[in-house]
Each structure stands twice: as C-alpha cells, then as structure tokens.
Amino acid sequence: MKAVITVIGRDTVGVVAKVSAVCAELNINIEDVSQSIMQDMFCMIMLVDLSKANAEASEVRDRFAALGKEMKMQVTVTRQEVFDAMHTI
C-alpha cells in the first residue's frame, strides 16, 4: 500500500532526518520526496510504501501525528488512493 506523508510548519533543522528516522523505525520505504521552503515555512510531500511496515496503519498515523506535535508541525499520513480521490474533480 502506498501513502502520502505531508509535513508543513516553520522551517527548522532536522525535519527531513526526523521524518526519515520514523520511516526507518517503522520499516516504511520512501519512494519519492518533494520539499520546498517558502519564506520560513517548510513544506514536504513524501510518497512511501507501507507494504512492509512493521505497524498497523492506525499506529503509523499516530506515530507521525506524535512526531508532528513534537516538532510543532503538521504531519499527516494519507493512503494514496484517498489522496488521489481528494484531488480528483
């Protein structure tokens, strides 16, 4: 199963490293990454593969939500088919 991880918030050192570390911890493969900084706002989108994750989808979402709180950023995980459906008119 594929998913999209989005990260939005004030730019700070180590954002990519922290998100990547959680992916490694949960055995989630990062397939593609796009990031930009607009003024002092950090924006990142990751396409990831959850098929070999060592946790259930709800635990994965909770882990990234906790990371977002820790970093004072919004971090969300959305299954790719849900993401695609939300952006199709």
Side-chain angles (χ1 to χ4, degrees):
M1 174 186 10
K2 307 266 186 193
V4 176
I5 298 173
T6 58
V7 181
I8 302 169
R10 298 262 179 224
D11 188 30
T12 186
V13 175
V15 175
V16 176
K18 289 176 184 175
V19 174
S20 298
V22 172
C23 286
E25 172 189 322
L26 297 175
N27 201 41
I28 296 171
N29 187 43
I30 300 168
E31 295 189 345
D32 199 1
V33 177
S34 175
Q35 68 176 34
S36 63
I37 299 172
M38 295 181 273
Q39 295 183 10
D40 61 346
M41 293 298 291
F42 178 88
C43 305
M44 179 170 67
I45 300 172
M46 289 182 151
L47 178 62
V48 298
D49 183 353
L50 299 173
S51 62
K52 296 182 181 174
N54 58 22
E56 295 295 322
S58 61
E59 185 180 341
V60 169
R61 281 191 302 274
D62 291 347
R63 181 65 182 91
F64 280 105
L67 177 65
K69 285 183 182 180
E70 174 187 315
M71 295 188 308
K72 296 186 173 115
M73 301 180 90
Q74 178 184 345
V75 181
T76 58
V77 180
T78 308
R79 289 191 340 240
Q80 185 179 16
E81 57 268 14
V82 173
F83 187 86
D84 291 344
M86 288 184 340
H87 295 90
T88 302
I89 296 177

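Index from 1, following the sequence. These values consider heavy atoms only, across backbone and side chains, with no hydrogens, waters or symmetry-generated copies.
- Residues passing the salt bridge (charged side-chain N to carboxylate O under 4.0 Å, His left out) test with E59, sequence neighbours excluded: none.
- With hydrophobic clusters built from ILVMFWY side chains whose heavy atoms lie under 4.5 angstrom apart, I37 shares a cluster with V16.
- Not counting sequence neighbours, K69 has no partner by the side chain to side chain donor-acceptor pair (under 3.5 Å) test.
- For V75 against G68, the heavy-atom pair with the smallest separation is CG2-CA, 3.6 Å.
- Not counting sequence neighbours, the partners of V22 by the side-chain contact (heavy atoms from CB on, under 4.5 Å) test are L26, R63, F64, L67.
- Residue M38 belongs to no hydrophobic cluster, having no ILVMFWY side-chain heavy atom closer than 4.5 Å to its own.
- When the side-chain contact (heavy atoms from CB on, under 4.5 Å) test is applied to D32, the partners found at least two apart in sequence or on another chain are L47.
- The salt bridge (Lys or Arg N to Asp or Glu O under 4.0 Å) pairs that include a residue from residues 9-23 are R10-D40, where partners are two or more places apart or lie in different chains.
- For E31, the salt bridge (charged side-chain N to carboxylate O under 4.0 Å, His left out) partners two or more places apart in sequence, or in a different chain, are K2.
- With sequence neighbours excluded, no residue forms a side chain to side chain donor-acceptor pair (under 3.5 Å) with S34.
- The shortest distance between side-chain heavy atoms of C23 and I5 falls below 4.5 Å.
- Rounding to the nearest 0.5 angstrom, the gap separating the CE atom in M73 from the OG1 atom in T12 is 7.5 Å.
- Using a 4.5 Å heavy-atom threshold, the side chains of V19 and M71 count as touching.
- Legend: residues meeting side-chain contact (heavy atoms from CB on, under 4.5 Å) with I8, ordered by chain and number and at least two apart, are M41.
- By the side chain to side chain donor-acceptor pair (under 3.5 Å) test, R61 is found to be paired with no residue, residues two or more places apart in sequence or in another chain being considered.
- In this structure, the side chain to side chain donor-acceptor pair (under 3.5 Å) partners of T76, at least two apart in sequence or on a different chain, are T6.
- Using a 4.5 Å cut-off between side-chain heavy atoms of Ile, Leu, Val, Met, Phe, Trp and Tyr, with links allowed through other members, V4 and V33 fall into different hydrophobic clusters.
- To the nearest 0.5 Å, atom CD of residue E56 and atom CG of residue D62 are 12.0 Å apart.
- Pairs engaging residues 41-54 under the salt bridge (Lys or Arg N to Asp or Glu O under 4.0 Å) rule: none recorded [sequence neighbours left out].
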